[in-house]
Amino acid sequence: MAENQWSDEFREPERRPDPTPEQWAGGGPPPKAGMSGGMKAFLIIVAILGIGCVLCCGIFGFVAYRVFPKTSDVPAEVNAGRDAIAKIDLPAGFEPERVVTMDNVFMAMTLVVYRAPAINGNFAMCEMQIKVGDAAQQDQQMRQQLDSQGIGSKNIKNAKTETKTVKIKGHDCKFTFKDGEDPNSKKKVRQVAGAFEGKHGPVFLSLEVDASALKEDAIIKMLEGIK
């Protein structure tokens with residue numbers, strides 16, 4: 001073998017120079033690995049939707065807090081709700097059960113409930129201000145609220161009904177007195193219902209007791225003492 005052939009086989013390969021910037025495709029350095037434009041747009045959309053959900057939940061919570069009624073069974077709060085409506089001395093044995101309040105763009109309401117189990121006594125007083133509507137709607141709304149709370153006057157058998165005029169805070173107010181028989185217990189019961197002007201608007205009052213536990217004159221005296 002010729003000497004020049006051996007030298008060609010073991011000769012170190014010739015190194016090619018690195019390409020110059022001008023030799024790169026597009027006339028610039030190769031792009032660095034990073035976030036694509038589509039991914040950036042996706043993350044922006046996710047962030048906007050997330051902020052929107054937080055805002056919507058916050059607004060919904062605020063609306064729910066203002067629109068839906070709030071209930072408490074703390075005796076001091078029930079008594080405070082009663083005094084906010086009107087000052088009234090309840091017969092012995094009646095204890096505070098709950099207060100329901102609501103104040104929104106449509107209506108403001110305070111409802112208090114008292115019970116006297118020993119005499120099957122139920123007392124409720126509801127003051128309501130309808131901000132949208134008329135007086136007829138107000139009366140209907142009051143009765144609906146009482147019914148929804150399980151306070152509406154129940155049906156009694158062989159009822160004898162009489163309307164009495166009671167003077168409350170200088171005004172003549174009509175109250176319905178109804179005596180009859182409880183269809184379940186068979187006991188004689190007395191129901192009284194009527195309305196008067198409270199501190200902030202009309203007040204609907206409902207009372208039910210065993211007829212032998214509370215006489216009519218005692219109930220009238222209680223109503224006349226409302227302040």
Side-chain angles (χ1 to χ4, degrees), residues 78-94 96-103 106-116 119-182 188-227:
V78 180
N79 290 331
R82 180 192 67 183
D83 292 341
I85 298 173
K87 297 287 187 178
I88 181 172
D89 295 325
L90 296 179
F94 279 88
E97 182 177 89
R98 67 182 180 275
V99 57
V100 183
T101 57
M102 183 191 310
D103 189 2
F106 305 106
M107 60 180 288
M109 180 199 75
T110 301
L111 166 67
V112 293
V113 180
Y114 287 75
R115 305 286 189 191
I119 58 175
N120 296 311
N122 299 302
F123 173 84
M125 193 164 57
C126 178
E127 182 179 54
M128 184 176 293
Q129 295 173 280
I130 299 297
K131 300 176 183 180
V132 179
D134 53 19
Q137 182 183 10
Q138 190 169 42
D139 181 73
Q140 182 181 6
Q141 288 283 351
M142 281 188 181
R143 296 181 184 278
Q144 287 177 352
Q145 286 297 326
L146 292 174
D147 290 339
S148 68
Q149 296 293 325
I151 309 166
S153 297
K154 61 186 177 184
N155 293 326
I156 56 178
K157 296 173 61 178
N158 305 318
K160 177 185 176 182
T161 304
E162 186 178 359
T163 300
K164 295 181 179 293
T165 300
V166 182
K167 191 172 289 293
I168 299 177
K169 297 190 292 185
H171 300 281
D172 289 338
C173 304
K174 301 292 185 180
F175 280 82
T176 301
F177 285 69
K178 184 184 296 185
D179 288 352
E181 181 182 284
D182 188 312
K188 298 293 184 181
V189 297
R190 177 165 292 124
Q191 295 178 343
V192 180
F196 64 93
E197 191 66 25
K199 293 181 178 180
H200 309 99
V203 177
F204 184 82
L205 183 149
S206 175
L207 173 69
E208 180 177 297
V209 293
D210 288 342
S212 60
L214 204 57
K215 303 299 182 182
E216 284 189 5
D217 56 350
I219 297 175
I220 292 175
K221 184 177 179 179
M222 177 191 73
L223 296 175
E224 290 177 338
I226 293 176
K227 298 178 181 179

Provide the closest heavy-atom pair for [X] versus [Y] in the form atom of the first, atom of the second, distance.
X	Y	value
Thr110	Ile85	O-CD1, 3.5 Å
Lys169	Ile226	CG-O, 3.5 Å
Cys173	Ala195	CB-O, 3.5 Å
Val78	Tyr114	O-OH, 3.7 Å
Gly198	Val203	CA-CG2, 3.5 Å
Ala84	Lys199	O-CD, 3.5 Å

Sub-4.5 Å side-chain heavy-atom contact between [X] and [Y]:
X	Y	result
Ile119	Phe94	yes
Met109	Cys126	yes
Lys188	Asp179	no
Asn120	Asp182	no
Ile88	Met222	yes
Arg98	Arg115	yes

Atom pair [atom1]/[atom2] of [X] and [Y] - distance to nearest 0.5 Å:
X	Y	atom1	atom2	value
Met107	Met102	CE	CE	5.0 Å
Asn155	Lys178	CG	NZ	7.0 Å
Ile156	Gln191	CD1	CD	4.0 Å

Query - Trace of the salt bridge (Lys or Arg N to Asp or Glu O under 4.0 Å) decision for Lys164 with Glu162 - result: CA-CA 6 Å; Lys164 295 181 179 293; Glu162 186 178 359; 3.3 Å; yes
Query - Exam field: side chain Arg190 to backbone Leu214, donor-acceptor pair closer than 3.5 Å - result: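 Side chain of Arg190 to backbone of Leu214, a donor-acceptor pair under 3.5 Å: yes, one is there.
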Report task. Using modelled atom types only, decide if a donor and an acceptor are shared between the side chain of Glu127 and the backbone of His200 within a distance under 3.5 Å. Result ->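 Side chain of Glu127 to backbone of His200, a donor-acceptor pair under 3.5 Å: yes, one is there.
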Requested in this report: Indicate the ring-plane relationship of Phe196 and Phe175, choosing parallel, tilted or perpendicular according to the 30° and 60° boundaries.
Outcome: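 Phe196 and Phe175: parallel rings.
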Report task. Kindly determine whether Glu181 and Val189 satisfy side-chain contact (heavy atoms from CB on, under 4.5 Å), including the steps that lead there. Result -> CA-CA 6 Å; Glu181 181 182 284; Val189 297; over 6 Å; no
Report task. Evaluate whether atom CG of Asp89 has more than 12 neighbouring non-hydrogen atoms of other residues, nucleotides or ligands under 6.0 angstrom away. Result ->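 Open: at most 12 neighbouring heavy atoms sit under 6.0 Å from CG of Asp89.
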